[in-house]
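Notes follow once the structure below has been shown.
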Amino acid sequence: LIKERGNEPWEGIIRRSMSMKNTICEKLMWSAMTPAIFKYIAANCKNTDTFRVKKKSRKNFKDMLARTPDIGGFTKNPLRICLSGGIVWMAVYKAMDGAMSHEQFGEMVIATMQAPLIKKAFGSKNPFDMEYQKKKVKKDRIANAISDSEFNWMTETIPGRDADEYTINYHRCGLCALGKQEHLEELIPYMCAMDFISADLMGGVLYRTGTLAEGAKRTLNGIKKENTDSNPSCKNRESWESGICDGCTGGLLWTLSCPC
């Protein structure tokens, strides 16, 4: 039985073949995110050698891709984009060698979400359409089935009572797995902020009761179209807290103020 190829164990070769590659998705994310990232660093992280950080960030990015399990291409699994984005942010944070605080990391995430390409990508979507929401349910099932790795999200989209609202439950989060792998779990909550920004860019408002990163059993995201009424009645507090309420299953009951 041959256990090595040259000087490299087969285990390492197999691991590399199953890890993320620097595909067009990763190249696009790097190109879209880094101008805003390094602009933020230049303005807010004084006495930083930006050239050195860029160079080290690039190396960190490639190294992190090589040790992160692949979760499928972004055409079948759109959340690969989120995982790649998380790798970009963590690669830069590591390159700062302790010169970036957690709060600055959070500010960097927010600044990145205002990058022109990212704003355009989210702004072109209209999730407040019943057909869009029904298609999202099917796409979630396909993406969920691609990989059972902890780096792949387990997503459940629930269409709203009407087109002006919908719910997304995350039962597993790839960014949480990435944070654990890189020993940077404390950064994950700061990345959760991008959900609020992305909802806003799509013309919605996000309501949330908890996240997996904060220890909740699931991340509960209720998205309501901006400037619409958003207070359905709820007569059963226990049902509201569980996300199921008196004929309003799939609405935003668990995220909105309840009159009970």
Side-chain angles (χ1 to χ4, degrees), residues 15-41 53-96 100 105-106 108-125 139-140 142-144 146-155 168 170 172-185 187-195 197-198 201-202 211-213 219:
R15 187 183 301 114
R16 282 193 296 105
S17 69
M18 298 175 66
S19 65
M20 292 183 71
K21 304 295 189 296
N22 195 14
T23 69
I24 187 171
C25 174
E26 285 66 45
K27 289 180 172 68
L28 283 172
M29 291 305 291
W30 180 269
S31 297
M33 296 172 66
T34 52
I37 286 173
F38 293 119
K39 181 179 179 180
Y40 171 83
I41 289 174
V53 173
K54 285 182 181 180
K55 186 175 181 180
K56 191 168 184 179
S57 296
R58 173 75 76 170
K59 182 180 185 306
N60 289 347
F61 182 59
K62 292 181 178 179
D63 290 346
M64 288 172 68
L65 287 174
R67 59 177 173 261
T68 301
D70 189 80
I71 61 170
F74 72 94
T75 56
K76 292 287 184 66
N77 191 355
L79 285 170
R80 180 190 182 100
I81 295 171
C82 294
L83 186 57
S84 298
I87 293 174
V88 173
W89 280 322
M90 288 191 178
V92 173
Y93 179 82
K94 287 191 171 189
M96 289 294 289
M100 176 179 283
F105 178 84
M108 180 182 72
V109 168
I110 293 171
T112 308
M113 292 298 290
Q114 300 302 320
L117 287 176
I118 293 177
K119 290 178 71 174
K120 183 177 180 180
F122 282 109
S124 65
K125 296 181 180 181
K139 289 179 180 179
D140 287 347
I142 294 171
N144 292 344
I146 287 176
S147 172
D148 61 359
S149 165
E150 63 178 334
F151 288 82
N152 191 26
W153 279 255
M154 184 62 68
T155 311
I168 299 180
Y170 293 114
R172 187 174 63 212
C173 172
L175 290 179
C176 290
L178 180 66
K180 182 178 178 182
Q181 171 182 271
E182 301 300 325
H183 307 291
L184 292 172
E185 295 96 326
L187 296 183
I188 306 306
Y190 293 95
M191 287 192 276
C192 293
M194 65 179 169
D195 293 336
I197 301 170
S198 61
L201 292 173
M202 292 187 291
T211 66
L212 290 165
T219 296

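In what follows, residues are counted from 1 in the order of the sequence shown.
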Inset, instruction - Kindly indicate, with the supporting measurements, whether the criterion side-chain contact (heavy atoms from CB on, under 4.5 Å) is fulfilled by Tyr93 and Asn60. - result: CA-CA 10 Å; Tyr93 179 82; Asn60 289 347; over 6 Å; no
Does any part of the side chain of [Y], heavy atoms only, come nearer than 4.5 Å to the side chain of [X], both counted from C-beta?
{"X": "Thr34", "Y": "Met29", "result": "no"}
{"X": "Met90", "Y": "Ile188", "result": "yes"}
{"X": "Lys21", "Y": "Asp70", "result": "no"}
{"X": "Arg58", "Y": "Lys62", "result": "yes"}
{"X": "Phe105", "Y": "Met191", "result": "yes"}
{"X": "Lys139", "Y": "Ile142", "result": "no"}
{"X": "Trp153", "Y": "Leu83", "result": "yes"}
{"X": "Cys173", "Y": "Thr219", "result": "no"}

Inset, instruction - Please determine if Arg67 and Asp63 form a salt bridge, counting it only when a charged side-chain N lies under 4.0 Å from a carboxylate O. - result: no
Hey, does the side chain of [X] reach the backbone of [Y] with a donor-acceptor pair shorter than 3.5 angstrom?
{"X": "Glu26", "Y": "Thr23", "answer": "yes"}
{"X": "Asn152", "Y": "Ile71", "answer": "no"}
{"X": "Ser124", "Y": "Ala121", "answer": "yes"}
{"X": "Lys56", "Y": "Lys54", "answer": "no"}
{"X": "Lys94", "Y": "Ser57", "answer": "no"}

For [X] and [Y], which heavy atoms make the closest approach, and how far apart are they?
{"X": "Glu185", "Y": "His183", "result": "OE1-C, 3.5 Å"}
{"X": "Ser84", "Y": "Met20", "result": "OG-CE, 3.6 Å"}
{"X": "Ala32", "Y": "Ala115", "result": "O-CB, 3.6 Å"}

Hey, what do you get for [atom1] ([X]) to [atom2] ([Y]), rounding to the nearest 0.5 Å?
{"X": "Met154", "Y": "Ser147", "atom1": "CE", "atom2": "OG", "value": "9.0 Å"}
{"X": "Thr112", "Y": "Leu117", "atom1": "OG1", "atom2": "CG", "value": "12.5 Å"}
{"X": "Ile87", "Y": "Thr68", "atom1": "CD1", "atom2": "OG1", "value": "4.0 Å"}
{"X": "Cys192", "Y": "Ile197", "atom1": "SG", "atom2": "CD1", "value": "11.5 Å"}
{"X": "Gln114", "Y": "Ile110", "atom1": "CD", "atom2": "CD1", "value": "8.5 Å"}
{"X": "Leu201", "Y": "Lys120", "atom1": "CG", "atom2": "NZ", "value": "14.0 Å"}

Inset, instruction - Kindly indicate, with the supporting measurements, whether the criterion side-chain contact (heavy atoms from CB on, under 4.5 Å) is fulfilled by Cys176 and Glu150. - result: CA-CA 9 Å; Cys176 290; Glu150 63 178 334; over 6 Å; no
Legend entry - Identified side-chain contact (heavy atoms from CB on, under 4.5 Å) counterpart of Tyr170 within the set Leu175, Leu79, Thr211: Leu79
Inset, instruction - Dump the intermediate steps for side-chain contact (heavy atoms from CB on, under 4.5 Å) on Ile81 and Cys25, then the final yes or no. - result: CA-CA 7 Å; Ile81 295 171; Cys25 174; 3.9 Å; yes
Inset, instruction - Evaluate the side-chain contact (heavy atoms from CB on, under 4.5 Å) criterion for residues Phe122 and Met113: first the C-alpha distance (whole Å), next the side-chain angles of each, then the deciding distance (0.1 Å), finally the verdict. - result: CA-CA 10 Å; Phe122 282 109; Met113 292 298 290; 3.9 Å; yes
Legend entry - Plane angle bin for Phe61 and Trp30 - parallel if under 30°, tilted between 30 and 60°, otherwise perpendicular: tilted
Inset, instruction - Count the heavy atoms of every other residue, nucleotide or ligand shown that sit under 6.0 Å from NZ of Lys39, and state whether that count exceeds 12. - result: no
